[in-house]
There are 2 protein chains.
Amino acid sequence: MVQPRKKVKARPLKGDVAIDKAVYDAIRRAMLMGRLLPGTKLREPALSRVLKVSRERVRKALHRLVHEGWLEAVPNRGTFVPALTIEEVREIYDVRTMLETAIVQRLCAEHDLPAAQRLKAHVSEERQAVRSDDRGRLFGLSGEFHILLAELCGNEQLSRLLRGLLTRSTMHFSLSAPERFHNCAGPHDHADIVKAILARDAKKAAKLMLDHLLGLVEWQSAWQPPPNPVALEEAFRGISAKRQA
Amino acid sequence: MVQPRKKVKARPLKGDVAIDKAVYDAIRRAMLMGRLLPGTKLREPALSRVLKVSRERVRKALHRLVHEGWLEAVPNRGTFVPALTIEEVREIYDVRTMLETAIVQRLCAEHDLPAAQRLKAHVSEERQAVRSDDRGRLFGLSGEFHILLAELCGNEQLSRLLRGLLTRSTMHFSLSAPERFHNCAGPHDHADIVKAILARDAKKAAKLMLDHLLGLVEWQSAWQPPPNPVALEEAFRGISAKRQA
DNA sequence: TGGCAGAATAATGTGCACATTCCGATTTTG
DNA sequence: CAAAATCGGAATGTGCACATTATTCTGCCA
């Protein structure tokens, strides 16, 4: 006799978390869309008014974003959109290189059939995005490729870590060159890396990943952002803290 | 009403940040000292009373600790000391292996004279700690060794990342086996690694680091913590949110 | 006219009171 | 007697009002 009496409300996921995450996502989205330029000050009352939420929610979201490295806070001064130095970007890519070359080497050593299928499926998706000239989708897929590699290692900590690193990598040209998204990464590189992994050629895979990341950072370094303030109402036009489709 | 107070020109660095950091440090210290066993619920009113600060400060510190992975929060339930699975510990050490083998390889390739001197000095310090049988100091030095390697790479991002990883690694046996600190790491391993780095033998250095970390995780895996609740007043005996000597 | 001092204003930081939710003990009923 | 429902107390979540600090504006003086 089983006992279905257990009223295990698996995940209520209250409005609390939902609203907080919505505000957090709204600000993050504005940054990813390049609406908020480096140096912009994020005033709590203004955000509260624009996003139609209480100042406390804005405050909480800002603190979280600061802690995750998206924003910079100065005590009693305010919260600002950071101006990432080229050097910092280089450092982040350097760490990524350490991790991701190790990742592809490991995948060469112990990847299984489902992993191979997911890799091939991803490359296929990227190719299709290129054909249909869907730049937005291609940009998303380019990032997800690196996440996918980490996830295929089956290490949750590794995935989370790399996810953070990747968001911080992309933040730089999200903030500085949002209009140049279409150029971001050569999907051809990804296809070659996958091919090397499937061939279990660890040395080649690591080399390809190294070159790929070096190419990305070099491409980013060639571009310097023009400092320019922006109005918050403009930045959050069309972005709401409420659930959007 | 006027306030003829003299204006402070320097950095007052108000109680805000100081108090917040003090509360944060107090809880972290209690965890590192093994006073808070896995599964313990950290009640905000109790902490507020014990640490003599307002509940909001406790709340803020708890949120930060949750963000950094020290604690786990369940909405509307409370904040808990996590029970790290052996598997999670393995994953963390796996990531550390990826990073640290890359680090020693890089140091073999491009370390300079001051770096070599710092390495030798550190090994010397560890040796001296062993001789004087100072277990507490040796424990600290063992952790700092890995931090030192990261810092010698000159990559700030890398240092911060590894620092977080290391604290999370040590948290496991801080929580589960605080009385076995003295056994933590063989300083002999560190000396061998340094020797390989100074000899610029990248392959050997990487192998030694790999074995070192594998040995650590294996040693930790052999020990399982006994679940046991604890009173907060006991845990924070002698630990204050105020600056202590 | 330019720069400095002081006040007005706005933004950030903090504590408090209240609403909501959860846990546990007691009671009631089949 | 046992299981379930209910009610009371406590802990968490949230908005608000106030204190503190920074910024800007204005007027005065060199």
(message) How many whole angstroms separate atom CG of Asp20(A) from atom P of dG13(D)?
(response) 10 Å
(message) How many whole angstroms separate atom CG of Asn76(B) from atom P of dT21(C)?
(response) 7 Å
(request) Locate the shortest heavy-atom distance separating Glu126(A) from Leu141(A); write the atom from each residue and the value. (result) OE2-O, 3.5 Å
(request) Please report, rounded to the nearest Å, how far the P atom of dT24(D) is from the NZ atom of Lys41(A). (result) 8 Å
(request) Starting at atom CG of Leu47(A), determine the distance to atom P of dT12(C), rounded to an integer number of angstrom. (result) 9 Å
(request) Give the rounded distance in Å between these two atoms: CZ of Arg59(B) and P of dG13(C). (result) 17 Å
(request) Would you name the heavy atoms of Met31(A) and Trp70(A) that are closest together and state the gap between them? (result) CE-O, 3.4 Å
(request) Report the distance from atom CD1 of Ile19(B) to atom C1' of dT14(C), rounded to the nearest whole Å. (result) 10 Å
(message) Any base atoms under 4.0 Å from Glu56(A), or only sugar-phosphate, or nothing? Heavy atoms, all strands.
(response) base
(request) Decide side-chain hydrogen bond (donor to acceptor under 3.5 Å, both in side chains) for His146(B) and Glu100(B); before the verdict, give the C-alpha distance in whole Å, the side-chain angles of both, and the deciding distance to 0.1 Å. (result) CA-CA 8 Å; His146(B) 296 265; Glu100(B) 302 205 43; 2.7 Å; yes
(request) Could you tell me whether Lys21(B) and Asp25(B) have a side-chain N and a carboxylate O separated by less than 4.0 Å? (result) yes
(request) Classify the side chain of Arg57(B) versus the base of dG13(C) as yes if they form a donor-acceptor pair under 3.5 Å and no if they do not. (result) no
(message) If the threshold is 4.0 Å, N to carboxylate O, is there a salt bridge linking Arg163(A) and Glu151(A)?
(response) yes
(message) Check this for me: does the side-chain of Arg55(B) come within 3.5 Å of the base of dG13(D) through a donor and an acceptor?
(response) yes
(message) Can you measure Arg77(B) atom CZ to dA11(D) atom C1' for me and round it to whole angstrom units?
(response) 12 Å
(request) Would you check if Leu162(A) and Leu149(A) make a side-chain contact, meaning some heavy-atom pair closer than 4.5 Å? (result) no
(request) Mind grabbing the angle between the end helix axes of the helix from dT1(C)-dA30(D) to dG30(C)-dC1(D)? Five pairs an end, 10° rounding. (result) 10°
(request) In whole angstrom, give the distance that lies between atom CZ of Arg43(B) and atom P of dC23(C). (result) 12 Å
